[in-house]
Amino acid sequence: MSEIRQKHTKAWLKVKPAFRSVWKFLSSIKLAVILILVLVGLSLIGALVIQVPDELAADSQKYAAWLENTARLQTGVWYPILRLLGLFDVFHSVWFISTGLLLVANICVCSFNRWKPVRSLVGRRKPDTNPSHFLENPDRRLFAGMFSTERLISYLRKKGYRTETASEGRNSYLYAVKNRFSPLGTYLIHFSLIFFIVGYVTGQYWGFQNSSFALTEGETKAVGQDTRLALRLESFHIENYPDGSPRDYRSQVTLLEDEKEVTSALIRVNQPLKYRGVRFFQAYYGPT
């Protein structure tokens, strides 16, 4: 057992410097700024450069035809570089996904490194009974006259302070803190950003979106993507304001699975039909 433990110790000593280097790299605030700027840059490319429709990206032959017939014509001399870097499908590219995951790792490491000082701030603290702590503190305040500690504590608690007391000899010490848990707010922000990035990357990499899925009244169309689902538009209604702008439009649809009706729903703006992880939104309408 001692020989095995010794081997493990030697292996860890070899790995430890590399682990520290990686940890230091991931805990850099500069890295976080750079990664955020990279994501912003990639998002701008995705907004400015024509992107392959999701329904074509899943088919290699259709994707190749789209590149030659559409992307090449619209991007000109930039076409070879954009195609080589996979920037016609930015949000599914290795650049976007790896940057997002690296940012998640960076946020996790930075949050872990901050936990010890944050815990000391939010934890219960006893008053410092060292006189020099008060004499050297630039925020110290001197009060003339005599008043009871209980009265001071009552006043501070009414103002929202949490108080702790301690005694040493004839002296009494009081520690008061307000908004003690406010440092934890940074963790809520960090973790919400992590959940957003992970959810977005998961949806982009393993999910699908078809923004050109169009139906006419009475038409049934398969969703594809191995969902075994099909959607039928029963009817469509629109209401307009006096100036002609749309006030409300809604679609009565029927969802089929393996050619069997499973549910019917009325889809409105921001009220999609949800079924087994697939959501059907109203995106646009027009005459047929």
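Since this is a predicted model, take the numbers as computed values, not measurements.
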Flag, side chain of K178 to backbone of L156, donor-acceptor distance under 3.5 Å: no
V38 vs L42 side-chain heavy atoms within contact, under 4.5 Å: yes
Heavy-atom side-chain contact between S43 and F91 under 4.5 Å: yes
Heavy atoms of other groups near K274 NZ, more than 12 under 6.0 Å: no
Nearest heavy-atom neighbours spanning C110 and S27: SG-O, 3.5 Å
Side chain to side chain, I36 and L103, heavy atoms closer than 4.5 Å: yes
Straight-line distance of F88 CZ to I50 CD1, nearest 0.5 Å: 8.0 Å
Residues, nucleotides or ligands: over 12 heavy atoms within 6.0 Å of W23 CH2: yes
Stepwise side-chain contact (heavy atoms from CB on, under 4.5 Å) test for R83 and L67: CA-CA 8 Å; R83 180 174 183 177; L67 287 172; 3.5 Å; yes
Hydrophobic cluster identity match, Y161 and L152, side-chain contacts under 4.5 Å: yes
Closest contact, heavy atoms only, L233 versus S235: CD1-O, 3.4 Å
Approximate separation, where rounding is to 0.5 Å, of H237 NE2 and L266 CG: 8.5 Å
Nearest non-hydrogen partners of I194 and C108, listed with the distance: CD1-SG, 3.6 Å
Distance, nearest 0.5 Å, that separates CG of L273 from CZ of R279: 11.0 Å
Centroid-centroid distance, F281 to F213, less than 6.0 Å: no
Heavy-atom side-chain proximity of T220 to L231 below 4.5 angstrom: no
Exam field: side chain T227 to backbone G224, donor-acceptor pair closer than 3.5 Å: yes
Polar side-chain atom of T99 near backbone of F96 as donor-acceptor pair, under 3.5 Å: no
N270 atom CG: more than 12 heavy-atom contacts under 6.0 Å: no
L102 backbone acceptor or donor facing N106 side chain under 3.5 Å: no
Side chains of R250 and E239 in contact at under 4.5 Å (non-hydrogen atoms): yes
Neighbour count >12 (heavy atoms, 6.0 Å) for atom CH2, W66: yes
Hydrophobic cluster membership, V22 vs I107, 4.5 Å side-chain cutoff: yes
Heavy-atom side-chain proximity of E68 to Y79 below 4.5 angstrom: yes
Any side-chain heavy-atom pair of V90 and L87 under 4.5 Å: yes
Audit row: E257, R276, salt bridge (Lys or Arg N to Asp or Glu O under 4.0 Å) steps and yes/no: CA-CA 11 Å; E257 183 174 15; R276 295 188 178 181; 2.9 Å; yes
Test log, rule side-chain contact (heavy atoms from CB on, under 4.5 Å), inputs Y275 and L229: CA-CA 10 Å; Y275 183 79; L229 298 177; 3.8 Å; yes
Expected output: side-chain Q51 to main-chain V49 donor-acceptor under 3.5 Å: yes
Distance-minimising heavy-atom pair for Q252 and S264: NE2-CB, 4.1 Å
Same apolar cluster: L35 and V94, side chain cutoff 4.5 Å: yes
Atom pair OG1/CH2 of T75 and W78 - distance to nearest 0.5 Å: 10.5 Å
Spatial distance of atom CZ (R232) from atom CD (E219) [nearest 0.5 Å]: 11.5 Å
Same apolar cluster (I L V M F W Y, side chains within < 4.5 Å links), V33/L39: no
Main-chain N/O of I189 paired with S192 side-chain donor or acceptor, under 3.5 Å: yes
Distance (rounded to the nearest 0.5 Å) between I153 CD1 and R162 CZ: 12.5 Å
Side chain proximity check, I238 to N240, heavy atoms < 4.5 angstrom: yes
Common cluster, I45/W95, ILVMFWY with side-chain heavy-atom separation under 4.5 Å: yes
With sequence neighbours excluded, residues passing side chain to side chain contact (heavy atoms under 4.5 Å, CB included) with Q282: F236, Y249, S251, I267, V269
D226 atom CG, neighbour heavy-atom count above 12 within 6.0 Å: no
